[in-house]
There are 2 protein chains.
Amino acid sequence: MKLAQNINLAVDGIIFGYEDQSLFVLLIKQKYGSQKGKWALPGGFVLDNEKLIDAVKREVREETGVKVQYLEQLYTFGDNIDRDPRFRVVSVAYFGTVNPKHMILNPTTDALEAKWYAIDTIPKLAFDHSDIIKVALERLRSKLNYQPIGFNLLDSKFPFSDLEQLYMTILDQKIDRRNFRKKVLSLGFVEETDEFRKSGSGRPGKLFRFNSKKYKELEKKGINLDIKFA
Amino acid sequence: MKLAQNINLAVDGIIFGYEDQSLFVLLIKQKYGSQKGKWALPGGFVLDNEKLIDAVKREVREETGVKVQYLEQLYTFGDNIDRDPRFRVVSVAYFGTVNPKHMILNPTTDALEAKWYAIDTIPKLAFDHSDIIKVALERLRSKLNYQPIGFNLLDSKFPFSDLEQLYMTILDQKIDRRNFRKKVLSLGFVEETDEFRKSGSGRPGKLFRFNSKKYKELEKKGINLDIKFA
DNA sequence: CTTCAAATGCGTAAGTTTTACACAAATATA
DNA sequence: TATATTTGTGTAAAACTTACGCATTTGAAG
């Protein structure tokens, strides 16, 4: 049974990736619909018996081949009433992160093509997707300061300089290397391994690892991160 | 035109009020539906051409008589697939604040009765509304620390002790009166008036006022509040 | 093999913010 | 006039942030 309500529920996924000191967003070229051929966020309509987050996972998987690691609800965009001329669409946006290394893009179903776009090279997108990305980027930036959300974007073992570069890139600001290391290590959930960086010039740095179990313990105790830098 | 999608879109409003050192939530007793007679959050289905936030304002107004001041999107609850046995309901929850003083409750349409419940006396609610309130309360608490969200709950002019009590009540912790005043005044958007508290014992305190224009200026400059206390 | 540039690891002093508390001033009431 | 209550202001200690200096380890160049 259905009310006489002419609204369709969709989901969109804003999936961030990081590589070579740049932040990327996963986009698809639309195969069907009123905005055929335009680039857009992966997403689509929710199935009747499907949880919202599962709908996002499914759509991203179908349209890009990417299996998302971290995913959380961002915002529900429902006021763009003319988004589709045929009916109103309300879309629940989720934002997520993925380590794009070795992640093979494999567009199917509704997508002609899938591609990682560096955030400063994103073309004009379909619907209100440019605005949605802006909101997602703000959320990513603010979350970086109080949740260990950046680690999903790196390899599981990483030199400290990578983590530092990630923060500088996403926050778009300089960070003092030495103070950053001190601060992050003092938080207690980033631990050193006995491995070292293999390639590159200069003294090879130790590799570190994010200990999520430790983090959850600390989180439970109510310890706050407050990772801020100058 | 409508897809073959059996999902109905609703909104819920979590409206907080503060009075006499207690935090309240606005609830209604349901008149119709599968959970008739149970207490619930005000809310209802979205009209086809209605913005989500307007739907919340309308439903809260209709069901309780309350005209909400501050309102922002909280979260979209869509996984409780069995909420209504007749069809699936996805609900976009908004949380808001209101100064309940002189606010007359006037339930109509879907509500038998409307009432402010102190948050520690809330009965078992319909649907997943108890969970929704929990999420809203968390958001209110965390927002209090970095946005001037508490002022909507007070009169426009207030003694400092009221603001301090509000923070202590909502955050459920002791705050040092002197450090709190210093910190808040240093932020620069709470200004003193030349009026004084009228009643009560002890030395009458100056009344203060939230200057939202000043706050917006400071916000634009990127100044952060970080109102934390011991 | 020595020198150099680049990246890393560690430390410390100065500056800023937070925390903990003490006491004087203004009012109502007894 | 004395007392309880609430308000207004200050200040020292502790904690945290910021700004750097310098020695160490590596690969590459001479």
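So that the names make sense, note that chain A is the first sequence line, chain B the second, and so on, each numbered from 1. Since the structure is predicted, the reported quantities are computational estimates derived from the model, not experimental observations.
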Is the backbone N or O of A:V60 less than 3.5 Å from a side-chain atom of A:T64, with the two atoms forming a donor-acceptor pair by type? yes
In whole angstrom, give the distance that lies between atom CG of B:L163 and atom C1' of D:dT6. 16 Å
Closest non-hydrogen atoms of B:D12 and B:I132, given as atom of the first, atom of the second and distance, are OD2-CD1, 4.1 Å
Relative to the ring of A:F95, is the ring of A:Y70 parallel (under 30°), tilted (30 to 60°) or perpendicular (over 60°)? perpendicular
Please check this pair: side chain of A:E63 against backbone of A:G43, looking for a donor-acceptor N/O pair closer than 3.5 Å. yes
Could you state the CZ-P distance from A:R178 to D:dT18, rounded to the nearest angstrom? 14 Å
Using whole Å, report how far CG of B:D176 lies from P of D:dT11. 16 Å
Looking at every heavy atom in both A:V25 and A:F16, which two are closest together, and how far apart are they? CG2-CE2, 3.6 Å
Between C1' of D:dA19 and CZ of A:F180, the distance in whole Å: 17 Å
Side-chain donor-acceptor contacts of residues 149-166 of chain A below 3.5 Å, not counting sequence neighbours, with atom names and distances?
residue: A:N152; atom: ND2; partner: A:I149; partner atom: O; Å: 3.2
residue: A:D155; atom: OD1; partner: A:N99; partner atom: ND2; Å: 2.7
residue: A:D155; atom: OD2; partner: A:K101; partner atom: NZ; Å: 2.9
residue: A:K157; atom: NZ; partner: A:E195; partner atom: OE2; Å: 2.4

Once you build an axis from the first five pairs and another from the last five of the helix from C:dC1-D:dG30 to C:dA30-D:dT1, how far apart in angle are they, to 10 degrees? 10°
note: A:N145, atom CG; D:dT17, atom C1'; distance rounded to Å ~ 15 Å
Could you go over nucleotides 15-17 of chain C and give all protein N or O partners under 3.5 Å, atom names and distances?
none

What integer distance in Å separates A:E192:CD from C:dC10:C1'? 13 Å
For B:R61, check salt bridge (Lys or Arg N to Asp or Glu O under 4.0 Å) against everything at least two apart and list the hits. none
Identify the heavy atoms of B:I175 and B:F180 that sit nearest to each other, and give their distance. CG2-CB, 3.6 Å
May I have the distance from A:L185 (atom CG) to C:dC10 (atom P), rounded to whole angstrom? 9 Å
B:D128 side chain to B:D131 main-chain N or O, any donor-acceptor pair under 3.5 Å? no
How would you summarise protein contacts on nucleotides 3-8 of chain C per nucleotide, using B for base, S for sugar-phosphate only and - for none, with heavy-atom distances below 4.0 Å? ---BBB
How long is the line joining NZ of A:K198 and P of D:dG27, in whole Å? 13 Å
Of the non-hydrogen atoms in A:L218 and A:L187, which two are nearest, and what is the gap between them? CD1-O, 3.2 Å
Ring-ring centroid check A:F77 A:Y75, cutoff 6.0 Å: yes
Quick one: does any side-chain atom of B:R197 pair with a main-chain N or O of B:S199 as donor and acceptor, under 3.5 Å? yes
With 3.5 Å as the limit, what N/O pairs link the protein to nucleotides 12-14 of chain C?
residue: C:dT12; atom: O4; partner: A:K182; partner atom: NZ; Å: 2.7

Report yes if some heavy atom in the side chain of A:H129 is under 4.5 Å from a heavy atom in the side chain of A:I133; otherwise report no. no
